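All remarks here apply to the structure that follows.
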Amino acid sequence: MSEKKKAGVDKVCQETDCAEKMVGLTPEHKQLFKSFTYCPYCAEEMTLICNNCHEQLTSADFKFCPWCGSEFAD
Ligand SMILES: [Zn+2]
Ligand SMILES: [Zn+2]
């Protein structure tokens, strides 16, 4: 088996305006956002994504991205 790519899971809002606000966040804030269920900017439900391919994930418990095969480091 070949070496797996490493990736991380990000929690984002699908609204473009909110996603743009979240780009500038510090790693500490991004960590905090992962515990949120709803977007603090628009109250839409937050979405988990793979930060390698940016595809949506249906579970926070995935060990590998089902879309790009990256291993989630944590
Ligand atoms: Zn939002
Ligand atoms: Zn992926």
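Residue numbers run from 1 in the order of the sequence given. Quick caveat: nothing in here was measured; it's all calculated off a predicted structure. Every number for a ligand or one of its atoms is a count from 1 in the order of the listing.
- Near the Zn ion (ligand 2), less than 2.8 Å away, sit the protein N, O or S atoms Cys50 SG, Cys53 SG, Cys65 SG, Cys68 SG.
- With contacts defined as side-chain heavy-atom distances shorter than 4.5 Å, the pair Cys50/Cys68 qualifies.
- Counting heavy atoms from C-beta outward, Cys65 and Phe72 have side chains that approach closer than 4.5 Å.
- Protein atoms that are N, O or S and lie under 2.8 Å from the Zn ion (ligand 1) are these: Cys13 SG, Cys18 SG, Cys39 SG, Cys42 SG.
- A cation-pi arrangement, defined by a distance under 6.0 Å to the six-membered ring centre and an angle within 45 degrees of its axis, is absent between Lys11 and Phe33.
- We find that Glu71 and Lys5 are not joined by a salt bridge, their nearest charged nitrogen and carboxylate oxygen being 4.0 Å or further apart.
- Heavy-atom neighbours of His29 NE2 from other residues, nucleotides or ligands within 6.0 Å: at or below the threshold of 12.
- Side-chain contact check for Gln14 versus Gln56: some heavy-atom pair is nearer than 4.5 Å.
- Within 6.0 Å of CZ on Phe36 lie more than 12 heavy atoms contributed by other residues, nucleotides or ligands.
- For the pair Val9 and Leu57, the minimum side-chain heavy-atom distance is below 4.5 Å.
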Apply side chain to side chain contact (heavy atoms under 4.5 Å, CB included) to the pair Met22 and Tyr41, showing each step before the final yes or no.
-> CA-CA 10 Å; Met22 291 175 190; Tyr41 302 118; 4.0 Å; yes
